[in-house]
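Chain A is the first sequence line, chain B the second, and so forth, proteins listed ahead of strands; every chain is numbered from 1. Just so it is clear, the values below take in all heavy atoms, side chains as well, and ignore hydrogens, waters and symmetry mates.
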Amino acid sequence: MKVDADHIEQEIKRQVEVIQRGAVEIIPKDELISKVRKSVETGQPLRVKLGLDPSAPDIHVGHVVVLEKLRQLQDLGHIVQLVIGDFTGRIGDPTGKSETRKQLTEEQVKTNAKSYEQQVFKVLDRERTEIHFNSTWLAPLHFSDVVRLASTLTVARMLERDDFKKRFTQGIPISIHEFFYPLMQGYDSVALRTDIELGGTDQTFNLLMGRTLQKEYGLEPQIALTMPIIEGLDGVQKMSKSLGNYIGVNESAKEIYGKTMSLPDALMVKYFDLLSGLPTEEILQIEQALRTGELHPRDAKMRLAYLLTARFQGAQAADEAQSEFVRVFQKHTLPDEIPTFSITNVDVSLVALLVSAKLAPSNSEARRLIQGGGVRIDGVQVLDPQFIVTPHADMVVQVGKRKFIRLIFS
RNA sequence: GGAGGGGUACCAAAGUGGCCAACUGGGGCGGACUGUAAAUCCGUUGCGAAAGCUUCGUAGGUUCGAAUCCUACCCCCUCCA
């Protein structure tokens, strides 16, 4: 009897430790412990929610930080609830700070959901994942329900949220309906009886909203678990699609490898921590070796790039990407595979060729590239914007460091 | 409902009748240096081979000539109610 009790205590401790690792905040921690306890004692898995924006089905490694944690929870026996915010998406967001969010049709939502599944299961366990669409419970709500929902919050409370506060004080518009997004997300947790909700630290407010609303509806409040936001390729701003500083899990092995290599050194350890999947001790070793100069930062980064590539595109693709990288960027030889571009065997201006091969967006841009020394033919820099190309088969045209085409005759 | 301020390129921000395809900074792109890192330096950043053409919230108007002046409209912000 006593042995059993010890065992349970141990298991609780183990689970809480795993859940805690790498997390920024767990609000509140003692409730997490009691939820885990209940789950261990009853054998009832916890329901762990993650909301997804239906309009942007490209998962990047910033999301993976959170997915990774979800996976760990699954491995502890818990259940993941993926909520696709199709209702939110269908309303659209006319004031989205980056760009007007388009309203999505049902068709698009479906396609995007498929795409999510394909990507998300590179990390998550399909067997322990439920997929929900929040229109299921949000669409049938009456206006009176909505008002009731809204009445639980005050404007002052809403303005506690960082970006609202910032925009408010800076005089940047906030539409009333934006206040509903946190409410909707919180209501998802009510509908699904969520035990733990995950998100980046920028989601803290929304995650807490779930707690507030659950209490309001007489449910046990969820735990908010936040994970660090990872900086993108520029090393400064958070990784996001709209900033174009991301590494997507669906990108080609070459891209993933190359983009990882272009990360600022300062970010390496963080990436190792949150994304490599290596055991903590090993990461500490790498960190140490980097500090003492024992390990060349380039080699550490190559290791990281390899691990990430292998994770999303498989070991074989990672091998290829790595040798390709060495060949093209370290030895400056031609890449293994160069996209071909077929032309007829007549002289063309280099400018026209660059544009038709999509190596440059416009003639003017093409000319600038040439004058700026960014264009090579068969490895030889061409500086004359009037240059006329007399093509031969297998001629290689290069723009910048990474864009190549090989000519073939049609 | 009233009063005032404002909308300029990817972003921020100058420009208030010709010298403006539009200062400057950021970002992007290209080059040099490297480890496709960072930092630094250089070039470039509407289209067009060029003449030139289309751009400064939208639509009209005044003028030899407008981002700049006028009219209407749309949008944003602040204060008051």
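Under the ring-ring contact (aromatic ring centres under 6.0 Å, His included) criterion, A:Phe312 pairs with no residue, sequence neighbours left out. Applying the salt bridge (Lys or Arg N to Asp or Glu O under 4.0 Å) rule to A:Glu282 yields the partners A:Arg303; only residues at least two apart in sequence or on another chain are considered.
Put simply, the side chain of A:Gln222 gets close to the backbone of A:Leu207: a donor and an acceptor are under 3.5 Å apart.
Here the straight-line distance linking atom CD1 of A:Ile196 with atom OG of A:Ser39 works out to 9.0 Å at 0.5 Å rounding.
Taking a pair to require two hydrogen-bonding distances under 3.5 Å in either a Watson-Crick or a G-U wobble arrangement, B:G1 pairs with B:C80. As the counterpart of B:C53, B:G46 is assigned, both hydrogen-bonding distances of the Watson-Crick or G-U wobble pattern falling under 3.5 Å.
For B:G46, the OP1/OP2 oxygens have no side-chain nitrogen or oxygen of A:Ser362 closer than 4.0 Å. Listed pair A:Arg367 / B:A49 meets the phosphate criterion, a side-chain N or O lying under 4.0 Å from OP1 or OP2. Dashed line: the shortest gap from a side-chain N or O of A:Asn363 to OP1 or OP2 of B:A49 is under 4.0 Å.
Between A:Tyr187 and A:Tyr217, the ring-plane angle classifies as perpendicular under the 30° and 60° cut-offs.
Under 3.5 Å, the side chains of A:Gln10 and A:Lys13 contain no donor-acceptor pair of N or O atoms.
When heavy atoms are screened at a 4.0 angstrom cut-off, A:Ser262 is found touching the sugar-phosphate backbone but no base atom.
The side chain of A:Pro264 lies closest to B:A38, out of B:G35, B:A38, B:G48.
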Please list each protein N or O that sits under 3.5 Å from an N or O in nucleotides 25-30 of chain B, with the distance.
residue	atom	partner	partner atom	Å
B:G30	O2'	A:Gly372	O	3.1
B:G30	O2'	A:Gly374	N	3.3

